[in-house]
Number of protein chains: 2
Amino acid sequence: MVTLEEIARLSGASRSTISRVVNNDPHVSDKTRMRVLEVVRRLNYQPNAIARSLAAGRTHVLGVIIPKRVTELFSDPYFPILLQGVSTACNSFDYAVTLWLADPEDELRFMSKVLHNGLLDGVIVSSMVLTDPLITALGASTLPFVLVGRHPSVPVVNYVDVDNISSAQTAVEHLFQLGRRRIATITGMSDTIAGVDRLRGYEIALREHGLPVLPEFIVDGGFSEEGGVAAMRQLLPLHPDAVFVASDTMAVGALRVLREAGLRIPQDIAIVGFDDTPAAARTEPPLTTMKQPIIALGELAVEALLHIIEHPDSGPRRIILPTQLIVRESCGAHLG
Amino acid sequence: MVTLEEIARLSGASRSTISRVVNNDPHVSDKTRMRVLEVVRRLNYQPNAIARSLAAGRTHVLGVIIPKRVTELFSDPYFPILLQGVSTACNSFDYAVTLWLADPEDELRFMSKVLHNGLLDGVIVSSMVLTDPLITALGASTLPFVLVGRHPSVPVVNYVDVDNISSAQTAVEHLFQLGRRRIATITGMSDTIAGVDRLRGYEIALREHGLPVLPEFIVDGGFSEEGGVAAMRQLLPLHPDAVFVASDTMAVGALRVLREAGLRIPQDIAIVGFDDTPAAARTEPPLTTMKQPIIALGELAVEALLHIIEHPDSGPRRIILPTQLIVRESCGAHLG
DNA sequence: AATGAAATTGGGAGCGCTCCCGATATGATG
DNA sequence: CATCATATCGGGAGCGCTCCCAATTTCATT
């Protein structure tokens with residue numbers, strides 16, 4: 001292994017000077033800088049990340065925590081895409097990402113280790129679950145963290161999110177404008193903030209137009225494709241003329257049920273999803289949906305976290321990204 | 001932050017003794033061990049991972065490298081599932097996982113940093129691409145690594161994989177046994193080992209039964225759903241009575257084309273996929289496919305890597321996991 | 001009680017770096 | 001040329017731990 005000391009010896013400068021050159025400190029004459037860089041390049045010197053971390057008190061490593069329970073239904077590409085955003089941003093800022101797929105069982109055992117062993121400069125958590133003990137533990141620790149998805153249980157936290165309420169509202173509004181009046185909804189898990197908020201947006205939209213909020217028109221699909229299937233079956237006998245489905249994954253299941261039932265989409269029943277996952281463009285018919293900027297969410301989470309690490313005292317950061325209604329064929333807008 | 005020194009002071013033992021207790025060294029009397037552990041627990045002491053790494057020369061961090069080009073079509077859940085296996089195994093061995101979604105552009109810049117900055121004890125690479133410069137760079141470095149998916153370009157390496165050739169053979173054989181004689185194939189990218197091997201298995205199976213290998217029956221689908229669509233369209237006019245599709249993702253696309261063309265599956269045309277991704281069970285009709293043990297692949301990759309790290313001189317490790325034919329409805333076996 | 005072996009403990013050195021402070025070189029100014 | 005400010009450089013201390021070796025204690029045995 002090539003060390004600072006060795007470069008110093010070979011280039012005739014001191015350890016400190018080498019460190020300065022490597023870290024782009026301006027207090028080095030051009031002449032010595034050149035001389036040092038030549039040796040650095042020749043030996044392909046890479047500063048030892050561990051030694052650097054120990055001395056500097058900063059590791060340049062961020063953690064991403066994703067509850068395994070969620071990832072086990074990895075049919076939902078939300079997390080991989082989020083990870084991609086996080087990873088891209090970290091690369092560009094010269095940070096490493098460590099991934100922790102948290103198992104609810106060993107959470108307690110690991111949690112305090114992960115939070116206190118000093119390997120991470122900060123963490124990004126995509127928990128969603130309202131009662132997650134992880135969040136409270138995190139709040140009690142001194143480790144900087146940002147949530148992807150807002151969270152009501154911790155008073156002051158940093159998060160990036162989309163406005164699920166108004167996005168859901170937009171989706172339902174769209175159905176209303178197309179003349180639908182018997183609008184049902186398939187919701188996500190009620191112990192997730194996204195699930196709760198999207199339902200709320202649905203309710204608000206109905207109320208705004210003086211439409212009744214019927215309990216039988218609200219069915220839990222648990223954010224899974226199978227859940228979407230079951231929920232749609234339950235809704236079928238009630239003859240809704242539109243369904244706002246709180247995730248594309250569930251919508252895929254719902255569409256299948258409708259096709260099997262011989263209903264024409266969107267003529268007999270219109271569907272709007274949420275997320276704009278890659279699958280949404282390929283359903284039959286293609287799915288109208290609310291597009292979440294998932295990659296951007298991941299990238300901004302990193303930026304926010306780094307900002308907090310640099311400036312611990314600058315107030316909480318809360319970033320809300322806009323969603324976008326992607327109109328395809330399942331809602332009937334193209335029928336004119 | 002609580003340090004060893006502090007525990008030493010409070011428990012009246014020396015730094016060395018605390019270290020022994022924390023690391024379960026037997027050379028400590030029960031009495032002092034108890035005394036020390038009491039203080040350790042009281043202060044919730046966590047050994048500093050960075051200091052430990054620097055002193056011990058081992059970081060207990062593994063890297064997972066996945067080329068971003070592949071993950072960008074994250075519709076294929078192969079990588080997320082693999083990641084899950086890797087993560088699970090790492091957790092159980094008390095290792096951390098750092099994720100590197102390698103961008104072909106910055107590969108050169110990052111590569112040498114990642115490989116030489118001493119943060120990783122070893123890496124797991126899921127490259128697939130035959131000409132990946134990453135693999136050669138890795139071969140030239142001293143960092144222990146294992147590949148997920150065998151790779152012909154580096155002579156002696158460690159890998160875990162399934163036998164793609166004989167798996168493909170099994171799949172095609174199955175179609176033959178069901179009486180199909182005009183068997184086509186949609187292949188993966190020809191610059192990936194899995195793509196090449198599965199095609200080879202197809203050819204071998206045909207030859208074994210004296211069936212001709214027709215070039216027009218072999219169409220590249222590039223491992224993507226869109227590719228599967230295009231390939232199936234190309235195949236349609238040739239009236240095959242069966243298609244072996246080298247990935248479930250492509251098979252999903254192929255099935256859609258067949259349905260749109262009004263063909264009955266499996267009566268008019270039988271389909272067998274590869275991977276057994278979650279989507280395979282939900283296609284119409286459900287897809288017969290070769291199941292890859294993806295989670296196990298990830299777990300075994302970790303175990304192999306840790307073994308190599310512990311025993312650098314024990315020869316190369318090559319692990320081949322069995323696949324399994326999952327018979328559903330798309331192949332026609334249930335028709336009797 | 002003396003002896004020696006084994007068990008237990010403590011302290012020093014060092015992992016490769018950063019950061020601070022003081023030393024030296026350089027150059028501007030009167 | 002003297003003086004002082006400024007740019008550049010070097011060395012020491014220390015980050016929190018592990019690992020080795022030597023010191024000390026314990027205990028079985030004669």
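Letters go in sequence order (proteins before strands), and every chain restarts at 1.
Nucleic acid contact for B:Ser16: base, since at least one base atom lies under 4.0 Å from a heavy atom of the residue. B:Thr32 comes within contact range of the sugar-phosphate backbone alone, with a heavy-atom separation under 4.0 Å but no base atom that close.
For C:dG16, neither phosphate oxygen OP1 nor OP2 lies less than 4.0 angstrom from any side-chain nitrogen or oxygen of A:Arg52. Remark: B:Ser19 is in phosphate contact with D:dT18, judged by side-chain N or O atoms under 4.0 Å from OP1 or OP2. In this model, the phosphate group of D:dG10 is approached by a side-chain N or O of A:Thr17 to a distance below 4.0 Å at OP1 or OP2. Contact annotation: B:Asn23 side-chain N/O to D:dT18 OP1/OP2 distance is under 4.0 Å. Applying the 4.0 Å criterion to OP1 and OP2 of D:dC9, one finds that A:Ser29 has a side-chain N or O inside that range. A:Tyr45 has a side-chain polar atom (N or O) that falls below the 4.0 Å cut-off from OP1 or OP2 of C:dC17.
With a 4.5 Å cut-off on side-chain heavy atoms, A:Phe93 and A:Glu303 count as touching.
With salt bridges taken as basic N to acidic carboxylate O contacts below 4.0 Å, one links B:Glu38 and B:Arg42.
Taking atom NE2 of B:His27 as the reference point, atom P of D:dA22 lies 17 Å away to the nearest angstrom. B:Asp25 has its CG atom 13 Å from the P atom of C:dA7, to the nearest Å. In this entry the distance linking CG of A:Asp30 with C1' of D:dC9 reads 15 Å, nearest Å. Note: NE2 (A:His60) to P (C:dC17) measures 15 Å, nearest angstrom. Rounded to whole Å, the distance from CD on A:Gln46 to P on C:dG16 is 15 Å. With rounding to whole Å, B:Ile7 atom CD1 is found 13 Å from D:dC17 atom C1'. If you measure from atom CG of A:Leu4 to atom C1' of D:dG10, you get 13 Å, rounded to the nearest angstrom. The interatomic distance linking A:Arg20 (CZ) with C:dC17 (P) rounds to 15 Å, in whole Å.
Ranking D:dC9, C:dG16, C:dC17 by closeness to the B:Leu54 side chain, first place goes to C:dG16. The nucleotide whose nearest atom lies closest to any side-chain atom of B:Ala51 is, among D:dT8, D:dG16, C:dG10, D:dG16. Checked against D:dC19, D:dG16, D:dG10, the side chain of B:Asn48 finds its nearest nucleotide in D:dG16. Among the nucleotides D:dC9, C:dT9, D:dG14, the one closest to the side chain of A:Ala55 is D:dG14.
Although no hydrogens or angles enter the test, the distance criterion places no donor-acceptor pair under 3.5 Å between the side chain of A:Asn23 and the main chain of A:Asp25.
Put simply, the residue from B:Leu62, B:Leu305, B:Val61, B:Ile308 that forms a side chain to side chain contact (heavy atoms under 4.5 Å, CB included) with B:Asp121 is B:Leu62.
A donor-acceptor pair shorter than 3.5 Å cannot be found between the side chains of A:Ser19 and A:Ser16.
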